[in-house]
Enquirer: 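Quick one: the structure is below, questions incoming.
In each ligand, atom 1 is the first atom listed, and ligand 1 is the first ligand listed.
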Amino acid sequence: MTDLVVRRLLIDLNEPFAHHWAGGDAFRSALFNALSMSFPVGEQFFIDSVRAGVKTLPPEPQQRFADEVRGFIGQEATHRRIHALFNGQLEQQGYVNEWQHRAARRIARLKGFDPRHPVAITAAIEHFTAILAEWMLRHPEAMDGAEPRLSTMWA
Ligand SMILES: [Fe+2]
């Protein structure tokens, strides 16, 4: 079992950033904007899934995983908050987040499913997140020309 340390990110996202914030590159900016738009609804889904999933376990493993679950929820809540702030800036720029409604409709269809099902979806999506994260760390040039606060957020 690994210790999950919740990293509280203190990034100022109240100040606007450039429309093409990723070094003036429209594609890179749009790619990360679209990812960010999916995050708050996704992170909330992960939190809800894990919270409901752990309750299906017998008391002993529930106890055993309690710290990890708490760490995971804290970490996801931090991501959700940061990306909501980032997305707020995107809204100010005139972007409309259609993603979140589509994702929310898909999530609503899972109501009544075995709670392990959303946990499995969470694990699968987090696997993609890990692939993306590894790629990002190997390719810091993805953030070339971005303000330090934004490259910090994405790192
Ligand atoms: Fe996350």
Side-chain angles (χ1 to χ4, degrees), residues 1-15 17 21-22 27-57 61-62 64-93 95-111 113-144 146-155:
M1 191 189 307
T2 54
D3 285 333
L4 205 164
V5 178
V6 178
R7 285 164 297 152
R8 304 268 174 221
L9 275 178
L10 294 171
I11 297 171
D12 178 14
L13 287 165
N14 295 314
E15 288 299 312
F17 46 82
W21 57 266
F27 175 79
R28 275 191 293 136
S29 304
L31 174 70
F32 288 103
N33 288 350
L35 280 168
S36 184
M37 285 180 180
S38 76
F39 287 167
V41 67
E43 311 283 7
Q44 188 60 55
F45 170 73
F46 300 162
I47 290 169
D48 295 342
S49 299
V50 168
R51 205 176 258 152
V54 78
K55 286 185 190 145
T56 67
L57 295 173
Q62 242 187 75
R64 185 157 32 100
F65 292 120
D67 283 347
E68 274 185 284
V69 167
R70 205 174 304 115
F72 178 79
I73 289 172
Q75 190 63 59
E76 296 309 289
T78 298
H79 297 165
R80 184 189 56 195
R81 188 182 64 80
I82 292 283
H83 283 280
L85 291 169
F86 182 86
N87 294 350
Q89 289 298 336
L90 296 180
E91 264 176 47
Q92 293 297 315
Q93 294 182 8
Y95 287 106
V96 178
N97 187 348
E98 299 289 352
W99 249 118
Q100 60 187 343
H101 307 300
R102 205 171 109 197
R105 281 196 300 273
R106 297 291 295 262
I107 290 166
R109 281 165 39 190
L110 294 169
K111 201 173 164 75
F113 273 55
D114 182 320
R116 291 174 296 181
H117 196 92
V119 172
I121 294 171
T122 298
I125 297 175
E126 289 289 39
H127 197 79
F128 285 117
T129 307
I131 292 168
L132 175 70
E134 190 184 5
W135 181 86
M136 288 282 299
L137 294 173
R138 283 178 195 270
H139 297 276
E141 68 273 15
M143 286 294 128
D144 273 358
E147 289 180 54
R149 62 183 171 138
L150 300 182
S151 52
T152 298
M153 183 193 87
W154 284 100

Enquirer: I need the Trp21 CH2 to Trp154 CH2 distance, nearest 0.5 Å.
Expert: 6.0 Å
Enquirer: Write down the atom of Ile73, the atom of Arg51, and the distance for their closest heavy-atom approach.
Expert: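 Between these two residues, the closest heavy atoms are CG2-NH2, 3.6 Å.
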Enquirer: Which atom pairs, donor and acceptor, lie under 3.5 Å between side-chain atoms of residues 124-133 and protein residues at least two apart or in another chain?
Expert:
{"unit_1": "Glu126", "atom_1": "OE1", "unit_2": "Thr129", "atom_2": "OG1", "d": "3.2"}
{"unit_1": "Thr129", "atom_1": "OG1", "unit_2": "Ile125", "atom_2": "O", "d": "3.0"}

Enquirer: Verify the distance test for Glu126 against the Fe ion (ligand 1): any N/O/S atom under 2.8 Å, yes or no.
Expert: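 Looking at Glu126, which is the residue asked about, there is no N, O or S atom under 2.8 Å from the Fe ion (ligand 1).
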Enquirer: Could you check which N/O/S atom of His79 is closest to the Fe ion (ligand 1)?
Expert: ND1
Enquirer: Applying salt bridge (charged side-chain N to carboxylate O under 4.0 Å, His left out), run through Arg102 and Glu98 and close with a yes or a no.
Expert: CA-CA 7 Å; Arg102 205 171 109 197; Glu98 299 289 352; over 6 Å; no
Enquirer: Of all N, O or S atoms in Glu43, which has the smallest distance to the Fe ion (ligand 1)?
Expert: OE1
